[in-house]
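Please read all numbers here as calculations on a predicted model, not as lab measurements. Positions are given from 1, in the same order as the sequence printed here.
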Amino acid sequence: MQYRKKYEDEKIENDSELHNNIGQPVMYGQAIHLKHLYSNCYLTYNPNQLATQYGCVALSLEEEGSEHSNFKFLASGNLKTREDVVQYSDLINLCSYRGMYFMHVFDEYNNSNSPETGLEVNGSESSSNWKLLRFMSHEEVEEFGKNN
């Protein structure tokens, strides 16, 4: 019973922090959660489940976030510091908050990069560079959530 209360308190605190950070710039090194809009699930790495790629751990979408759902942006070069704001033009690496795994694209079986076949994304000691693109503003995300 005591654990349930702590769980509920942490969930309330996380929701409050999320509400306060909506629309604010994201800084390098800041803890973030990545939420899939259509499933309403959190991207989570599972250190106990191996991915298809040798030496990598699986990433999955989970209804409840956990300590394995915390990520941070790292600059792909040495020009940015922890105090810098992440910009759309930046080339970034996405890392687990504890720094153990990078989000990594595995494309050994699919060299076509076709949207129909998709790519496998997993947790790896090897990083993949990511280019940020704006999909929706936070206002559009809120509207999307109300309609679905």
Side-chain angles (χ1 to χ4, degrees), residues 3-4 6-138 140-141 144-145 148:
Y3 294 114
R4 185 72 177 161
K6 287 184 179 182
Y7 169 79
E8 293 298 329
D9 289 346
E10 183 174 348
K11 187 166 176 50
I12 290 169
E13 183 179 328
N14 288 344
D15 290 343
S16 174
E17 185 176 337
L18 172 66
H19 181 72
N20 291 336
N21 286 326
I22 288 178
Q24 299 300 313
V26 176
M27 310 291 268
Y28 282 101
Q30 176 182 354
I32 60 168
H33 293 283
L34 299 173
K35 195 170 193 179
H36 187 258
L37 289 177
Y38 294 103
S39 67
N40 207 30
C41 293
Y42 294 96
L43 181 66
T44 304
Y45 73 91
N46 185 344
N48 300 319
Q49 182 181 353
L50 294 177
T52 306
Q53 185 178 7
Y54 179 76
C56 295
V57 297
L59 288 173
S60 60
L61 294 172
E62 303 293 334
E63 286 186 27
E64 295 291 327
S66 71
E67 65 180 314
H68 301 298
S69 303
N70 296 323
F71 293 89
K72 62 184 172 183
F73 289 117
L74 299 176
S76 66
N78 295 330
L79 299 176
K80 301 285 184 173
T81 66
R82 289 181 62 90
E83 296 84 30
D84 290 332
V85 173
V86 178
Q87 303 289 329
Y88 288 126
S89 60
D90 292 349
L91 197 60
I92 57 106
N93 292 305
L94 196 59
C95 182
S96 62
Y97 192 71
R98 292 186 177 176
M100 297 172 62
Y101 301 104
F102 289 97
M103 188 182 297
H104 175 72
V105 175
F106 179 51
D107 190 24
E108 182 173 309
Y109 304 113
N110 176 21
N111 291 322
S112 67
N113 291 328
S114 168
E116 292 82 27
T117 56
L119 298 171
E120 180 179 324
V121 179
N122 52 44
S124 172
E125 291 179 354
S126 301
S127 63
S128 292
N129 290 330
W130 296 85
K131 178 74 173 159
L132 298 175
L133 298 174
R134 180 174 170 215
F135 179 68
M136 291 181 167
S137 70
H138 65 275
E140 292 168 320
V141 170
F144 176 83
N148 291 313

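Here the two rings, on F71 and Y97, have centers that are 6.0 Å apart or farther.
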Step-by-step side-chain hydrogen bond (donor to acceptor under 3.5 Å, both in side chains) determination, Q87 to S89
CA-CA 5 Å; Q87 303 289 329; S89 60; 5.7 Å; no
Start with the C-alpha distance between V26 and F73, add both sets of side-chain angles, then the distance that settles side chain to side chain contact (heavy atoms under 4.5 Å, CB included), and finish with yes or no.
CA-CA 9 Å; V26 176; F73 289 117; 3.6 Å; yes
So S16 and H19, side-chain hydrogen bond (donor to acceptor under 3.5 Å, both in side chains) or not? Walk me through it.
CA-CA 5 Å; S16 174; H19 181 72; over 6 Å; no
Walk me through whether T44 and L59 qualify under side chain to side chain contact (heavy atoms under 4.5 Å, CB included).
CA-CA 6 Å; T44 304; L59 288 173; over 6 Å; no
Full working for side chain to side chain contact (heavy atoms under 4.5 Å, CB included) between E67 and S69:
CA-CA 5 Å; E67 65 180 314; S69 303; over 6 Å; no
Are L94 and I32 close enough, and set up right, to give a side chain to side chain contact (heavy atoms under 4.5 Å, CB included), and what steps lead you there?
CA-CA 10 Å; L94 196 59; I32 60 168; 4.2 Å; yes
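To the nearest 0.5 Å, the span separating NE2 on H33 from CG on N21 amounts to 10.5 Å. Atom CG of N129 is separated from atom CG of N93 by 5.0 Å, given to the nearest 0.5 angstrom. Interatomic distance, R98 CZ to K72 NZ, rounded to the nearest 0.5 Å: 11.0 Å. Interatomic distance, CG of D90 versus CG of L74, reported as 12.0 Å (0.5 Å rounding). A distance of 12.5 Å separates CD of E62 from OH of Y42, quoted to the nearest 0.5 Å. Atom CD of E63 sits about 9.0 Å away from atom CG of N40, to the nearest 0.5 Å.
Side chains of Y101 and P47 form a contact here, defined as non-hydrogen atoms less than 4.5 Å apart. Under the 4.5 Å side-chain criterion, counting only non-hydrogen atoms from C-beta, F102 is not in contact with E125.
Counting all heavy atoms, side chain and backbone alike, S124 lies closest to H104 at CB-CB, 3.6 Å. Residue V85 comes nearest to P25 through the heavy atom pair CG1-CB, 3.6 Å, listed as atom of the first residue, atom of the second, then distance. Closest approach of T81 and Y28 over heavy atoms only: O-CB, 3.5 Å. Considering every non-hydrogen atom in both M27 and V86, the closest pair reads C-CG2, 4.0 Å.
The one candidate from V121, V105, N122 that meets the side chain to side chain contact (heavy atoms under 4.5 Å, CB included) condition with S128 is V105.
The backbone N or O of N48 lies less than 3.5 Å from a partner atom in the side chain of N46, making a donor-acceptor pair.
More than 12 heavy atoms of other residues, nucleotides or ligands lie within 6.0 Å of NZ in K131, so this atom counts as buried by the packing criterion.
For the residue pair E64/S66, the side-chain donor-acceptor check at 3.5 Å is not satisfied.
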